[in-house]
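Comments concern the structure below.
Proteins get letters first, then strands, A, B, ... in listed order; numbering begins at 1 in each.
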There are 2 protein chains.
Amino acid sequence: MTSEVMVEGTGAGRILQGMKVEQPSRVGVLLREWRQRRRLSQLDLANLADTSARHLSYVETGRAQPSRAMVLRLSEALDIPLRERNTLLLAADYAPAYRESGLDEEYMSSIRAAIDTMLTAHEPYPAVLVDRLWNVLAGNRAMAVLMDGIPPHLLEPRPNVFRLALHPDGLASRLANLGEVRTLFLQRLLRQVNATGDEALRSLYDEVRRYPAPMGGETEGPGEGEHGPSPIQVPLRIRTPYGELSMFSTMATFGAPADVTLSELAIELFYPLDEFSTKALHALGEWSS
Amino acid sequence: MTSEVMVEGTGAGRILQGMKVEQPSRVGVLLREWRQRRRLSQLDLANLADTSARHLSYVETGRAQPSRAMVLRLSEALDIPLRERNTLLLAADYAPAYRESGLDEEYMSSIRAAIDTMLTAHEPYPAVLVDRLWNVLAGNRAMAVLMDGIPPHLLEPRPNVFRLALHPDGLASRLANLGEVRTLFLQRLLRQVNATGDEALRSLYDEVRRYPAPMGGETEGPGEGEHGPSPIQVPLRIRTPYGELSMFSTMATFGAPADVTLSELAIELFYPLDEFSTKALHALGEWSS
DNA sequence: CGACTCAATGACGTCAGAGGTCATGGTGGA
DNA sequence: TCCACCATGACCTCTGACGTCATTGAGTCG
């Protein structure tokens with residue numbers, strides 16, 4: 001997995017012939033748009049946001065880079081929707097500050113139909129709806145293949161993808177390639193923890209990490225294993241009474257993929273990796289319907 | 001769609017009883033981990049990154065917040081994989097700086113099989129592989145329903161989701177709810193443009209925006225239409241010779257959803273919204289195979 | 001135990017840049 | 001013509017990133 005340099009900052013204040021050339025700067029333009037939309041003068045907004053009109057002017061024209069706090073204050077004063085505030089922050093080269101929420105609320109119900117459609121349309125392949133913490137909120141019938149025989153204490157408050165997959169009482173014992181899976185899963189979870197700093201996620205990580213690893217040279221924690229370019233995709237090889245099923249999974253979200261907003265829920269879609277698994281899943285699907 | 005405040009910054013330097021309490025700060029911890037992994041002393045790294053050991057110590061312990069440039073320089077000196085550098089930036093409350101790339105390269109081919117599996121497994125529903133700029137790189141057979149009768153000039157260098165959907169010679173004329181679709185599509189594209197500042201995306205936006213809108217009160221550009229909480233999900237209602245198909249789409253990506261890295265490619269999955277569409281797509285699928 | 005490495009940190013300094021205040025001049029609408 | 005609005009210059013403050021130098025204290029190793 002290679003990567004490449006992106007836009008290198010916002011591009012404001014580029015040096016040219018020893019002279020700073022002020023470019024409008026994305027935040028500046030965006031803030032101005034919002035202000036005009038609200039029909040406020042720079043002075044009005046400045047008062048509202050408790051800053052000076054002078055500085056605001058400079059920010060809008062790109063002669064000054066607003067601090068993160070300033071961006072947030074202005075957003076607040078302009079009463080900009082949270083989702084757009086994230087856009088502003090990104091435009092100013094700061095990390096987004098808000099995440100979507102409200103799965104439990106109307107949001108979820110408004111797309112409930114879509115979710116159900118997806119889940120059932122994906123049959124006979126397994127699919128689950130998960131929240132930010134990887135809790136399983138719903139699943140289709142094909143999930144039975146995976147959930148079969150999972151002891152209740154793993155479903156307790158609510159099943160969790162990581163616990164299900166890596167807990168010794170869960171799928172772990174049935175995974176033919178537990179080592180691989182465990183490594184990749186933990187790695188991903190850790191990255192997510194580090195990127196978001198979410199405490200709940202961290203404690204999930206701490207818990208899951210303690211689950212026993214399969215024998216064989218364990219690359220302990222994040223420690224040694226040289227984060228190297230990890231294989232984005234790792235198969236899930238599950239031993240079942242019908243034979244070994246090979247699958248991989250992807251995450252489907254609503255909205256654009258580059259939507260840097262940390263999305264609150266996603267659907268994990270499993271796909272078969274080989275002919276046998278495909279047929280087996282189809283057969284199981286027929287049988288159970 | 002509601003949102004909620006996130007972690008409110010990194011949490012470093014919280015005020016307590018009028019005294020600053022320095023918390024380890026995520027970046028600090030992460031940087032230290034990387035440095036130790038590289039078996040460098042603070043002094044060594046400081047020299048490599050052309051900074052002072054003193055400051056580095058402060059950064060690691062969270063007594064100082066590194067600037068974006070400093071984070072990047074340290075990452076460089078530590079030879080941290082780009083993907084992880086993004087994690088560091090986020091941990092320091094800065095916007096990520098790198099994006100994944102290399103679809104054309106080995107990356108694509110390494111997951112080529114997975115992509116093919118997904119595309120065909122999704123039949124008889126349409127699905128396409130798109131890149132960052134929404135160019136269509138592959139599609140399954142069910143896409144024929146959508147691509148049918150699209151003039152070659154829209155497929156020219158390479159078909160593009162937005163051009164296909166909104167160009168008058170494209171799907172636009174067949175969309176029963178072009179107005180809605182157009183509004184949502186443009187809105188999303190605009191957000192993406194603003195968040196990423198990507199020039200290529202911006203010019204795509206500028207182009208697509210000029211396409212004729214259907215009659216009826218057009219909420220011009222980003223101007224008036226009060227960005228309000230837009231409906232995350234909008235159906236695509238397409239008139240076909242077989243009747244009107246209703247579908248919605250979601251984006252599937254590889255890797256975690258909260259992976260703030262701007263992903264380079266994604267798969268757009270279409271799902272039927274009603275009984276009729278479901279049956280029609282299945283029937284068409286049967287027929288064409 | 002002395003020599004050495006390494007990390008933390010105090011004292012002190014520089015400097016860029018965010019952000020403020022006051023004033024001016026230029027625009028365009030009423 | 002008056003005024004609201006904006007850009008901008010002159011000038012100021014202050015925070016905080018970051019530098020240098022020196023000290024201390026905790027290992028570690030011969």
How long is the line joining [atom1] of [X] and [atom2] of [N], in whole Å?
X      : N       : atom1 : atom2 : value
L40(A) : dC5(D)  : CG    : C1'   : 13 Å
L45(B) : dA7(C)  : CG    : C1'   : 13 Å
L72(B) : dA17(D) : CG    : C1'   : 15 Å
L43(B) : dA8(C)  : CG    : P     : 13 Å
Q42(B) : dA8(C)  : CD    : C1'   : 8 Å
L74(B) : dA17(D) : CG    : P     : 14 Å
R68(A) : dA17(D) : CZ    : C1'   : 18 Å
E60(B) : dA17(D) : CD    : P     : 16 Å

Heavy-atom closest contact (R182(B) atom, V208(B) atom, distance):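 Of all heavy-atom pairs spanning R182(B) and V208(B), the closest is NH1-O, 4.2 Å.
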
Any idea which heavy atoms bring T87(A) and A195(B) closest together, and the distance?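 Heavy atoms only, the tightest pair is CG2-N, 3.7 Å.
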
Y211(A) and H167(A) aromatic ring geometry - parallel, tilted or perpendicular at 30°/60° bounds: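 Taking Y211(A) first and then H167(A), their aromatic rings stand perpendicular (interplane angle over 60°).
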
Go along nucleotides 19-30 of chain D 5' to 3' and tag each nucleotide: B for a protein heavy atom under 4.0 Å from its base, S when only backbone or sugar atoms are that close, - otherwise. SB----------

For the side chain of R26(B) and the backbone of N194(A), is there at least one donor-acceptor N/O pair under 3.5 Å apart?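 Side chain of R26(B) to backbone of N194(A), a donor-acceptor pair under 3.5 Å: yes, one is there.
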
Judged by atom type as modelled, is there a donor-acceptor pair below 3.5 Å linking the side chain of R68(A) to the main-chain atoms of A95(A)?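 Judged by distance alone, yes, a pair lies under 3.5 Å.
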
Does S67(B) place a side-chain N or O at less than 4.0 Å from the phosphate oxygens OP1/OP2 of dC18(D)?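 For S67(B), the contact criterion (side-chain N or O under 4.0 Å from OP1 or OP2 of dC18(D)) is met.
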
According to a strict under-4.0 Å criterion, is R63(B) in side-chain N/O contact with OP1 or OP2 of dG10(C)?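 Yes, within the criterion.
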
Go through dA17(D), dG10(C), dC6(C) for me and flag the one nearest to the Q65(B) side chain.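 So the side chain of Q65(B) is nearest to dA17(D).
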
So if I take every side-chain heavy atom of R32(B) and compare against dC5(D), dA8(C), dG9(D), which nucleotide ends up nearest?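 It is dA8(C).
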
What's the verdict on side chain to side chain contact (heavy atoms under 4.5 Å, CB included) for L31(B) and L88(B), showing C-alpha distance, side-chain angles and the deciding distance? CA-CA 8 Å; L31(B) 279 171; L88(B) 281 187; 3.7 Å; yes

Evaluate side chain to side chain contact (heavy atoms under 4.5 Å, CB included) for R191(B) paired with R188(B), printing each intermediate quantity in order. CA-CA 5 Å; R191(B) 291 206 331 114; R188(B) 277 201 191 159; 5.7 Å; no

Through what angle, rounded to 10 degrees, does the axis of the helix from dC1(C)-dG30(D) to dA30(C)-dT1(D) turn between its ends, using five pairs per end?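 Result, rounded to 10 degrees: 30°.
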
Is S57(A) touching bases, backbone alone, or none of the nucleic acid, heavy atoms closer than 4.0 Å?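 The answer is base, as S57(A) lies within the cut-off (heavy atoms under 4.0 Å) of a base atom.
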
For a quick check under 3.5 Å, do D206(A) and S203(A) share a side-chain donor-acceptor pair by atom type?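 Distance-only check fails for D206(A) and S203(A).
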
Thinking salt bridges, do R132(A) and D198(A) make one under a 4.0 Å N-O criterion?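 Between D198(A) and R132(A) there is a salt bridge, with a charged N closer than 4.0 Å to a carboxylate O.
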
